[in-house]
Every structure is written in C-alpha cells, then in structure tokens.
Amino acid sequence: MSKEFKHVSESEVTISELMLPSHSNFNGKIHGGYILSLLDQIAFACASKHSGQYCVTASVDTVDFLRPIEIGELVTMKASVNYVGTSSMVIGIRVEAENIQTGESKHCNSSYITMVAKDKNGKGTKVPGLILSRRKSVLRFLKSMKRTQLKRKRDEEFHHIDFDSAEFQKELEKYRVQVELND
Ligand code: GDP
C-alpha cells in the first residue's frame, strides 16, 4: 500500500550533464529547447518518485533563461516536490551551470512544472500528501499556492465569453501593438 504522506526528501532528484556541441544553437550557446527537455525529464522522475505512478506534464510555469549556458559547461538540475493537490504535483527545479576549468557556478534558471499522476486507465489518481520538515519547504509550498491562485485569477479574467476588447483599448495603447479587428 502506498504511503499517505511522504517527505520532500524521498523524491528529490539531481542530474548532471555535460553540454555537448550537438546541443548548441547557431550562436554557440546551448539551445533552450534542449534545457526544457531535460527539465521535463527531471520533473517526470521527481513526480513519479513521489506518487509511485505514471505522470504526465500538465503545465510549465515561469522558465526564465537568466543566463546562457555554454558548450562544455556541466549543468546540474536539482528537483523537489513543492506542492501537492489531489492528483497534481508542482515540481521546482533549480538549474546551475559550472565552468569545469574555473569551478565557477552560475544560476541559469528556476522552473516550476505541474505534473499529474495517472492510473492504469489514464485517469488522475490521488498522490501522497507532503511532509514539510524544513522552513524552506513550507515557504516553497506557500509560494506555489500563491502562483496557482494568481494563475486561476488570470485565467478567469480572460475567460469571459463577452470579452470586449474596447475595455482593454486604453491599456493596450501603452504597448507596441495596433488593433485592427476584422471579425
Ligand atoms: P525557490 O523555489 O524560491 O527556493 O528557488 P530556487 O531557485 O532556490 O529553487 C528552485 C526550485 O529548485 C526549488 O523550489 C526546489 O524545488 C528545487 N531545489 C532548489 N535547491 C534544491 C536542492 O538543493 N535539492 C533539490 N532536490 N531541489 C532543489
């Protein structure tokens, strides 16, 4: 039988990978898409460990590429569960890249990916609760709750069927956009 609650530490995952020339884009930096694919893999591993189930990616929140990653750098990704809902889990991932020659490390991005646990029939299935034994984990749980609430609010704001662009006209004037509706 699976546990009712699990410690954050039970599903922590760390991966390190050397950045090869084959992962670079046209200007010699590591391609963002490749980093996204690694983020998805580590989020999958972490969520699967926590839930003990097959997991799928539901959404990716805030992937800011803070600094470019160079060929030859050693990238380390550290992931842990920040938040659990019923069948969903938010996995936080910190990405750092190390220059192997100098030993210097830089923070490249922090991402938050929502994964959902599925049963054998592809239906969402309940995941264990989280035991928060460090202040940092409590803070991460609260921050994740806040992000979810803000996202819900944002979705609601733009979801009404009677959307009237005139309402936003004034606001849009501040941006580099021209509204030329033809519908
Ligand atoms: P934070 O979310 O505000 O704490 O921002 P950070 O950039 O420090 O970390 C981003 C996420 O990466 C965190 O929410 C954690 O889920 C994960 N993380 C950070 N440090 C570690 C670590 O030392 N080990 C593991 N397993 N995960 C980490």
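Because the structure is a prediction, the values reported are computed rather than measured. For ligands, and for the atoms within them, numbers begin at 1 and follow the listed sequence.
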Are Ile30 and Ile71 side-chain neighbours, meaning at least one heavy-atom pair lies under 4.5 Å? yes
Would Ser16 and Thr76 count as a side-chain hydrogen bond (donor to acceptor under 3.5 Å, both in side chains) if you check the C-alpha gap in whole Å, the side-chain angles of each, and the deciding distance to 0.1 Å? CA-CA 4 Å; Ser16 289; Thr76 297; 2.9 Å; yes
Ile93 heavy atom under 4.0 Å from ligand 1: yes
Shortest heavy-atom approach to atom 20 (N) of ligand 1 - which of Lys136, Glu96, His107, Arg140: Arg140
Heavy-atom check, side chain of Ile131 versus side chain of Val8, under 4.5 Å: no
Best match, Ser80, Ser111, Ser110: closest heavy atom to atom 7 (O) of ligand 1: Ser110
Which protein heavy atom lies closest to atom 2 (O) of ligand 1, and at what distance to 0.1 Å? Tyr112 OH, 2.7 Å
Protein heavy atom at shortest distance from atom 3 (O) of ligand 1: Lys143 NZ, 2.4 Å
If you have a sec, work out which protein heavy atom is nearest atom 6 (P) of ligand 1 and how many Å separate them, to one decimal? Arg94 NH1, 3.6 Å
Between the side chains of Glu73 and Lys106, is the shortest nitrogen-to-carboxylate-oxygen separation below 4.0 Å, so that they form an ion pair? yes
Tyr112 six-ring face occupied by Arg147 cation (under 6.0 Å, within 45°): yes
Could you check which of Asn82, Ile91, Val8 puts a non-hydrogen atom nearest to atom 14 (O) of ligand 1? Asn82
Note: ligand 1 atoms sitting under 4.0 Å from heavy atoms of Glu12 are 26 (N)
Side chains of Cys46 and His50: does their closest heavy-atom pair fall under 4.5 Å? no
Students should be able to answer this: which protein heavy-atom is nearest to atom 26 (N) of ligand 1, and at what distance? Ala79 O, 2.9 Å
Evaluate salt bridge (Lys or Arg N to Asp or Glu O under 4.0 Å) for Glu12 paired with Lys6, printing each intermediate quantity in order. CA-CA 11 Å; Glu12 283 182 334; Lys6 278 175 143 181; over 6 Å; no
Residue, atom name and distance, where the atom is the protein heavy atom closest to atom 23 (O) of ligand 1: Lys78 CD, 3.5 Å
